[in-house]
Structures are given as structure tokens and as C-alpha cells.
Protein chains: 2
Amino acid sequence: MPTTTLTKTSFSIRDLAAEFDVTARTLRFYEQKGLLSPGRKGASRVYSIADRARLVLILRGKRVGFSLDEIGEMLDMEAITNQNPSALVDMLERFHERIDALNHQREDIDAAITELEAGRTWLEDRLAKREPSEEIKHRARAFEALAAARMNVWTGASPEPGSHDTTS
Amino acid sequence: MPTTTLTKTSFSIRDLAAEFDVTARTLRFYEQKGLLSPGRKGASRVYSIADRARLVLILRGKRVGFSLDEIGEMLDMEAITNQNPSALVDMLERFHERIDALNHQREDIDAAITELEAGRTWLEDRLAKREPSEEIKHRARAFEALAAARMNVWTGASPEPGSHDTTS
DNA sequence: ACTCACCTTTACGCGAACGTCAACGTAAAC
DNA sequence: GTTTACGTTGACGTTCGCGTAAAGGTGAGT
């Protein structure tokens, strides 16, 4: 059974804004882009639990680097359904591309974390034993050198999403 | 024992642009922002192997969601070195935040991949056995329902990197 | 009735990250 | 010499993702 259960079943624009740390403007903007379509009580927006779910997906999509338009496409499966088979094939291909891109992005993230960790320990060392500024400069260059040394590992260009790349 | 070795040791603006699939304009822009500082041969830019290394870091930083300004700060360790200890502490804290954010982002990516995989299999099923459009619509709603069902797992808001910050 | 809090739409503004001319220099190739 | 290819520096244009008023509606509390 569920790990967590939600108490509420419908939300005001402020509810969601506060919960997900976005502004009301943002939610209206998403609606205007067709990403959300909350109900109305009078003129006021009323977000269902499904709207909230979509918002979660939207925000996560954003965090992993998708544009709002891309997110819109991916979310709107019903619209896809009404397409002809060839459109479905196109969409499928784009899903594959997306998945590949995300997998690649994971590697990027891991690499970035590694580098930040290196920078962190470097900073911590710096703080622990305050060496003369001459030595400091030397270390700074050492860090640059580290970057240069990794050249061999990096291999080179980045296979961008949507290209016919032969990933090294 | 490097996995790959680079033949060239200096590069033209076109070389790098082609290799990393960016425009020359982009490289000039990065230079203008202080992220790169290639040498000159006459008026033309000459990029060293270290410049190329920086570019790799810049592009990766971009892919994982950093702004160019942020990347600039992180890359410019020498400048940091000349700061006073308190500035170093600040920087260290920001490194920690960044690392946390990246770890969180990994989870997001994994979740996004899971969802895209779900969408993929759904699409593939759609293509395999072409059911009547009535059934199709039903399935479409099933996918939406799947999203709704996950609500319980999602728990809610995303813990953002600067916990209690008032980002107006 | 009046304030207050919260909602609405419309619309212009903005910073980031470039794109896209325009106008020009330069160096090798024909 | 002149065409071709590539380089340069401005400088303005564009897209995205909202921010920020401006002007007003709606219901609850006093």
C-alpha cells in the first residue's frame, strides 16, 4: 500500500504554488502553454489531484532539462493517440532519443559531481592549513593541471541528442 | 596510460566549434563572459589544449543545468584563491549545495527515465497491435491513471537546493 | 458599506544565451 | 589581381521562462 497518502483532493493556485515553491504566475503560464488545465469555480482555478500530478511531472521535466514545449508533448499522450501510426513512430523515436539523452546526462552529472568533490576537498584543504599565498597559487595551478590531465579521459566532443553520433 | 590521445595541441575557432557542435559565436560569447581566454595569432583566436579542456567543463556544466556565470565562478579557482577565508567558506558551502543539487538531479533523471520507459512501452504496444480507436482512448486514459496512481509515491514538493531561501 | 485578502486577465519587461546581419581584415588559391 | 574561405568586432534581434505592474472582480469579516 501507499507510502504516503494525500489528505486534500483539490487545490487552489496558492496551495500548489506554496507546495512546489513556484509562483501563481508560473502556474497560469503553464496553463496558458497548455500544460495544465485546471477546473474553474467561478473565475478561480481549481486544481485536481491529477493536475497536481501533472505539475510534478512538469517540474521534474524542467529539472532534467526539458523545455516546456517538450514536456507538453510528452505529457499529452491522448493527443498522440489520435495521430496516425507514422506519427506514433516519430514519437517513439523521440522517446528513445530522450531516454538516451537522459542516460548520457546521468554520466555528465556523475562527472560533474566528481569534479565538484575534487574542488570541495581542494577548498577544504585550503581552509584547514592556511598556506602562504605563493603556495596557494601553486595549488590553484595544480587544480588546473588536474583538469588538463583529464583531457585524455574526456575523449572529446559530446554526443548531442538528436544526432547520428557514434559515441566513443 | 590514456584511453584516448589527442593529436592536435592547438585549435582554431572552427575546430572547436565543429568538434563540440557549437557555433563560433558561442565561443566568442564565452570568451566575452570570461569563461575562455584563448591566445591570438594576429587577430585570430588560437585555442590551447587547456582552453579546450575548459570548454569541455563549460559544456558539461551547461548540460547539468548550471548558468554560465556559475560555471565561470566554479572554473576560476585562481580568483577564489585570492579571496579571504570567509569567501572560501562561502564558496565551500555553495559547492556543497551544488553537489546536493546534482545528487537530487540524479534521482530526478532516474525517475524521468522510468516514466519515459513506461511511455515507450506504451507506444510500442500501441504500434504492435493496432486496436480500435475506442480502445486506444481507453489506454490513453490508463496512462494518465498510471500517473495519478503514482501520486502516493511522489509524496509532494521537491526539496530545493537552498532550503529556506526567499527567491523573489 | 468598507476593508482585506485573494483571485482574475492583459500586457509590457527582462535576463540569459545565443542568432544574425553588417562591415571589414587577411591569407591562401586560382 | 581577385575570388574564396575564414577570421574579426559591433550591434541589434530572438526565444524561453517567467516577473511585474495595472486594473479589476469576489467573497468573508467587521
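Each chain gets a letter, A, B and so on, in the order the sequences are listed, and its residues count up from 1.
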Would you please confirm or rule out a distance under 4.0 Å between OP1 or OP2 of C:dC6 and any side-chain N or O of A:S44? no

Is it true that B:R45 and B:D51 have a side-chain N and a carboxylate O under 4.0 angstrom from each other? no

Would one find more than 12 heavy atoms of other residues, nucleotides or ligands at under 6.0 Å from atom CD of A:E70? yes

Would you indicate which nucleotide in D:dC18, C:dC18, D:dG17 comes nearest to any side-chain atom of B:F29? C:dC18

Counting side-chain heavy atoms from C-beta on, which of D:dT9, C:dG19, C:dC7 comes nearest to A:I13? C:dC7

Whole-Å distance separating the OH atom of B:Y30 from the C1' atom of C:dA16: 11 Å

Whole-Å gap separating P (C:dC7) and CD (A:E31): 14 Å

Can you find a donor-acceptor N/O pair under 3.5 angstrom joining the side chain of A:R25 to the base of D:dT20? yes

Of the candidates D:dT8, D:dG19, D:dG17, the side chain of A:S67 sits closest to D:dG17

Answer yes or no: is there an ion pair linking B:R40 with B:E31, defined by an N-O contact shorter than 4.0 Å? yes

Give A:R14 one of three labels, base, sugar-phosphate or nothing, depending on what nucleic acid heavy atoms sit under 4.0 Å from its own. sugar-phosphate

Could you check which of D:dC18, C:dC18, D:dG19 has an atom nearest any side-chain atom of B:L68? C:dC18

Between B:D110 and A:R106, is there a salt bridge with N-O shorter than 4.0 Å? yes

Between A:L36 (CG) and D:dC18 (P), how many Å, whole number? 12 Å

Starting from the 5' end of DNA chain D, give me the residue, A:T23 or B:R45, whose nearest nucleotide shows up first. B:R45

Phosphate OP1/OP2 of D:dG7: any B:S12 side-chain N/O under 4.0 Å: yes

Given atom CD of A:Q32 and atom P of D:dG17, what is their separation to the nearest angstrom? 12 Å

Between C1' on D:dG7 and CG on B:L16, what's the gap in Å once rounded to a whole number? 15 Å

Can you measure A:K41 atom NZ to C:dC6 atom C1' for me and round it to whole angstrom units? 13 Å

Validation row: B:T26, B:F20 side chains within 4.5 angstrom (heavy atoms): no

From the list D:dG17, C:dC7, C:dG19, which nucleotide is the closest neighbour of the side chain of A:K62? D:dG17

Quick one: B:R40 CZ to D:dG7 P, roughly how many Å, whole number? 13 Å

For B:R28, report the nucleic acid contact type (base, sugar-phosphate, nothing); a contact means any heavy atom under 4.0 Å. base

B:L59 atom CG is separated from C:dC18 atom P, nearest whole Å, by 9 Å

